[in-house]
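Structure first, commentary second.
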2 protein chains.
Amino acid sequence: MKKKVTIRDVADYAGVSRSTVSYVLNGVNKMSNNTKEKVMKAIKELDYQPDFTAISLSKKKSNIIGVIIPSFDDSLAPIFKENHYYTEILGGMEYVFRKHNYDLLISGMREPEDCKSWIQRRNLDGLIFLGLFPERLYAEIRLLDCPIVLMDYYGKHGDLYHNIRVDDEQGGYLATKHLIDRGHTRISFVGHDLTNISVDVNRLNGFKKALQEANLPVDEDLLFDGRGSFYEVGHQMGTKLLELGDKVTAIFASSDILAIGINKALQEHKKEVPKDYAIVGFDDLAISSYSVPSLTTIKQNVFNKGVISAQTILDIINQESSTPANITLPVELVVREST
Amino acid sequence: MKKKVTIRDVADYAGVSRSTVSYVLNGVNKMSNNTKEKVMKAIKELDYQPDFTAISLSKKKSNIIGVIIPSFDDSLAPIFKENHYYTEILGGMEYVFRKHNYDLLISGMREPEDCKSWIQRRNLDGLIFLGLFPERLYAEIRLLDCPIVLMDYYGKHGDLYHNIRVDDEQGGYLATKHLIDRGHTRISFVGHDLTNISVDVNRLNGFKKALQEANLPVDEDLLFDGRGSFYEVGHQMGTKLLELGDKVTAIFASSDILAIGINKALQEHKKEVPKDYAIVGFDDLAISSYSVPSLTTIKQNVFNKGVISAQTILDIINQESSTPANITLPVELVVREST
DNA sequence: TGTTGTTTTTAAATCCATGTAGTGAACCGG
DNA sequence: CCGGTTCACTACATGGATTTAAAAACAACA
C-alpha cells in the first residue's frame, strides 16, 4: 500500500510552496507560466488527486447534495421498487451533478431533526426534498441554513423555498378534456394520498374544471382515493369501478402506476380497454408505453424535472439565484391505445 | 447563522480537554464515570454533532460506500429509467447502510481511472460494482486498495473479489423446463448483451441444459441477442419471432423488460399470450405482475441481493470477512398468466 | 515520605488542503 | 539612488476531529 500523494509531495517535487500548488490548482491567476508548468508537471508525474475531504474541511463545502425521499417502513426499498418516478428524477439530477463535480447522497427520512444532523455531519451543500412530507417539516427546515429546493410542494410555506413543479392542474384538465372529447361523460377520478396539499388535489381540480367547462356534473361518488402501494390501490379501485356498472366509462388516474393497476383489474374481469373503459394516466413513465394496451397519459418530463432541480440548487449555491421562485414546467397529453 | 458547535466547545463547556471528549465519543474505556457524564451532559446541552468531514480526514475513513453503475450516454438516466433492477437493488443497499450509519454515493462510470480518482478524492470506504463492465476494468481495480464487491460477475478475475450472484443457470433451466413441462418443444431464447461473461450466457446454458435433458435440439436460429434499450430489443425480437411462424411456440427472455417488450410486439400483431405464445421472463421486477398478462418469471430476490452486497462490504471493512467468496443466491420459478 | 505502578487526563502532532498576511525582488518615475 | 507600487511567491494559521506520547493524579506499599 503506497502512501497517498498529497499537495505537499507535489510542492516538494516542483520545488515550490504548498500555497503555490493550491493557487495553480484553483486558478488564481498570478503565477508565472514557468511555475505553473512546473507544478502541472509535478501533478501529472506524481498522479496527484486532491482530497475532497480535506478541501471540504477547509472550504466548508462538501460538493455533495443530499436528496431526501420520504421513506416508509424504515426503508426506501418499497419506494424505489414501485415508484419509478423517483428513480427517473434521480437520473436527471445525477446527470447535472456529475457534470459539475458534485456527488449525490440519497437518504430516506424519518424526522426533521435527522436532516438537520445529516447536513451538519456531512457538510451538505444543499438539500432537495423529493416528494411529500409532513407539513411541519417545511416550517422547521427553514432554519437549516442550507440551500433547499422542494419538488411538487403545494403547502403554505411555498413562498420560502425554491419549488419545482409541473402544471398539475393543467394536466388534470387536459386528461379529462381528452376523455370528454372522445365522447365520455361519466368519468371517474382515482387519486392517491389525496391530502389538501398534494399534487393530486391539483390534478383533481383540473379534472373538475374540465367537467364544468363541458357542463358535466362532478359526481362525488366517482372520486376515489387510496393509501399505500400505488399498484395495489389502482387494482382495488379498478375492482370497485366495476361495481358501478355503466355509471362509469372512463377513468383519469392521477398516476401511471395507478392506471396500470386499474387496467390490470379491469382486464382480469374480462373488460376491454379502451372499448369498455378508457383510461388516462399521469407521469408518462417508461412502463406506460410498455403496457398492454399502451397508456394514454399526461407526460411530465421527469428527467428534465430532475435536471432543473439540480441546476436550481447549484444556482443558489453559486449565488446566481436567491429569491425563492416557483418553477412550473409544462405538461403534455400523449395519446396512446388506452383511449 | 450561529457558529457550529465543535469538539472544542464541548471540551471547554465540560472543563476537559478535546482528547477526553474524543475518547468518550469513541468509547475508549478509560475515563472515569464522572468525566464521562460531564462530557455527555455538555454534548447534549450544546447539541453537538460530530463533523464527518473532519473525522474522515483524521481517520482516513469516510463512512461512504460508492456504487458504480455502467452508464451510457454520459448519464445514468436511461438506466434508471428503464432498468428497474438497478433501482430495486439500491433500495436493499440503502436499507443496510442506513442502519450502520453509512451513506451511499452513486455514480455512473466511464473509465477505470475515474473510479480510482473517485475513491481517492472522496476517501470511499468501499466500492460496489453493479452490472457488467469491460473486462479490463476487473484487472485494474484490483490495485485500488479498497474493499470491493462485485455483482453478477462471471469473468476470469472472479476469484479476486467478493461476488454476489444468483443461480442464473438454474434459473434458465427452471424457466425452460417449465415451458417444456407445459408441452412446448420449439422454444426461443432472447438475451441481451450476450457476451461470454454475462449473466445471460449462464441463463442460456440453463436453457440448453433443459432442452438436452428433454432430448430436444438446440436450434441456433432460435437464439436471439440484442444491445441497447431492453424494451426496444424485446420489441424488435418479438417482431422477428413472428416471422418464424410456428417454428416457435414459447419464449424464454433473459429479463422481464425484454419479455414485456416481446409481449407488447406480439399483442400488437394480434397474437395472444399465452395461447399463441408462452413467455417466461427473468428477475421478477414489480412490473412483471402488473403486466397484462402477468408474467411468469424466474424470481431473484433483488432487494435481498442489495442487502447482502451491503452487508458483505461492511464485513470486509470490519475485517470479518477477508478471503474473496462467491455468494450464489437461489432463484425460484413464479408461474403467472403468460404461460 | 519516598518509590513504584496504574489509571486518567492532556498537550501537541497529524490528517490535507485553503487562504491571509507578509516577504523580497523587480520596476517605476523623479 | 530613493520611496512607492506591483508582482510572484511563501510562512503559517485555520478547519474539526483523532491519536501518540507524555504528564498528572492516584493508589499501594515499604
Side-chain angles (χ1 to χ4, degrees), chain A residues 1-40 42-43 46-64 101 117 119-125, chain B residues 1-40 42-43 46-64 101 117 119-125:
Chain A
M1 173 177 175
K2 37 189 187 234
K3 236 183 59 196
K4 186 168 175 169
V5 178
T6 75
I7 202 171
R8 180 170 221 135
D9 302 319
V10 175
D12 292 351
Y13 189 90
V16 297
S17 76
R18 277 168 275 161
S19 329
T20 306
V21 178
S22 174
Y23 282 138
V24 171
L25 241 40
N26 291 284
V28 175
N29 208 12
K30 53 173 185 172
M31 321 319 281
S32 72
N33 280 331
N34 182 20
T35 336
K36 220 179 274 181
E37 274 163 30
K38 267 194 305 187
V39 171
M40 295 308 286
I43 288 175
L46 298 177
D47 187 25
Y48 166 71
Q49 303 277 354
D51 183 326
F52 276 37
T53 310
I55 295 177
S56 301
L57 184 60
S58 180
K59 284 201 183 170
K60 301 187 173 198
K61 178 169 180 333
S62 60
N63 271 43
I64 296 180
N101 238 320
S117 78
I119 294 175
Q120 290 193 357
R121 291 188 328 235
R122 287 278 182 214
N123 277 306
L124 301 180
D125 292 343
Chain B
M1 173 177 174
K2 34 188 189 245
K3 234 183 58 196
K4 186 168 175 169
V5 178
T6 74
I7 202 171
R8 181 169 220 133
D9 301 319
V10 175
D12 292 351
Y13 189 91
V16 296
S17 76
R18 278 168 278 162
S19 337
T20 308
V21 178
S22 173
Y23 283 138
V24 171
L25 240 40
N26 289 283
V28 176
N29 208 11
K30 53 176 184 171
M31 324 314 288
S32 71
N33 280 330
N34 182 20
T35 338
K36 221 179 270 179
E37 275 164 29
K38 269 195 302 186
V39 172
M40 293 310 283
I43 288 174
L46 297 179
D47 187 26
Y48 165 71
Q49 302 277 354
D51 183 326
F52 276 36
T53 311
I55 295 176
S56 301
L57 184 60
S58 172
K59 283 200 182 167
K60 302 185 173 200
K61 178 168 181 333
S62 60
N63 271 44
I64 296 181
N101 237 322
S117 78
I119 294 175
Q120 290 193 358
R121 290 188 329 236
R122 288 278 182 214
N123 277 305
L124 300 181
D125 292 344

Interatomic spacing from CG in B/L57 to CD1 in A/I55 - rounded to 0.5 Å:
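Answer rounded to 0.5 Å: 11.0 Å.
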CD-CD1 distance between B/Q49 and B/I43, expressed to the nearest 0.5 angstrom:
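So the gap between those two atoms works out to 10.5 Å.
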Distances under 3.5 Å between nitrogen or oxygen atoms of protein and nucleotides 20-25 of chain D:
{"from": "D/dT20", "atom 1": "O4", "to": "B/Y23", "atom 2": "OH", "distance (Å)": "3.3"}

Between [X] and [N], is there a contact of a side-chain N or O with OP1 or OP2 at under 4.0 Å?
X: A/S32; N: D/dC9; result: yes
X: B/K60; N: C/dC16; result: yes
X: B/T35; N: C/dT8; result: no
X: A/N26; N: C/dT18; result: yes

Measure from [atom1] on [X] to [atom2] on [N] and round the result to the nearest Å.
X: A/N34; N: C/dA26; atom1: CG; atom2: C1'; value: 16 Å
X: B/I55; N: D/dT18; atom1: CD1; atom2: P; value: 5 Å
X: A/D51; N: C/dT14; atom1: CG; atom2: P; value: 18 Å
X: A/Q120; N: D/dG16; atom1: CD; atom2: P; value: 12 Å
X: A/F52; N: C/dT18; atom1: CZ; atom2: P; value: 11 Å
X: A/I7; N: C/dT18; atom1: CD1; atom2: C1'; value: 8 Å
X: A/M31; N: D/dC7; atom1: CE; atom2: C1'; value: 10 Å
X: A/L57; N: C/dC15; atom1: CG; atom2: C1'; value: 9 Å

Any side-chain heavy-atom pair of [X] and [Y] under 4.5 Å:
X: A/S56; Y: A/N63; answer: no
X: A/V21; Y: A/Y13; answer: no
X: B/I7; Y: B/Y48; answer: yes
X: A/V16; Y: A/T35; answer: yes
X: A/R121; Y: B/N101; answer: yes

Side chain of A/R18 (C-beta onward), nearest among D/dG16, D/dT10, C/dA17
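Given the options D/dG16, D/dT10, C/dA17, the side chain of A/R18 is closest to C/dA17.
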Any idea which of C/dT10, C/dC16, D/dC9 is nearest the A/T6 side chain?
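Output: C/dC16.
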Mapping B/K59 and A/S22 onto DNA chain C by nearest heavy atom, which one lands closer to the 5' end?
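So the residue in question is B/K59.
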Side-chain donor/acceptor of B/N26 to backbone N/O of B/Y23, under 3.5 Å:
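No, B/N26 side chain to B/Y23 backbone: no donor-acceptor pair under 3.5 Å.
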Ignoring hydrogens and geometry beyond distance, is a side-chain donor-acceptor pair present between B/T20 and B/S17 at under 3.5 Å?
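Checked: B/T20/B/S17 side chains pair up, N/O donor to acceptor below 3.5 Å.
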Going by number, which of residues 8-17 of chain A have a non-hydrogen atom under 4.0 Å from DNA chain C?
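By residue number: none to list.
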Residues forming a salt bridge (charged side-chain N to carboxylate O under 4.0 Å, His left out) with B/D12, sequence neighbours excluded:
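Applying salt bridge (charged side-chain N to carboxylate O under 4.0 Å, His left out) to B/D12 gives none.
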Restricting to salt bridge (charged side-chain N to carboxylate O under 4.0 Å, His left out), what partner residues turn up for A/R122, sequence neighbours left out?
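Once residues adjacent in sequence are excluded, the partners of A/R122 under the salt bridge (charged side-chain N to carboxylate O under 4.0 Å, His left out) criterion are B/D103.
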May I have all residue pairs that pass salt bridge (Lys or Arg N to Asp or Glu O under 4.0 Å) and include part of residues 50-64 of chain A, sequence neighbours excluded?
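Sorted result for residues 50-64 of chain A: A/K4-A/D51, A/K61-A/D125.
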Note down the inter-axis angle between the two ends of the helix from C/dT1-D/dA30 to C/dG30-D/dC1, five pairs each, to the nearest 10°.
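Inter-axis angle at the termini of the helix from C/dT1-D/dA30 to C/dG30-D/dC1: 60°.
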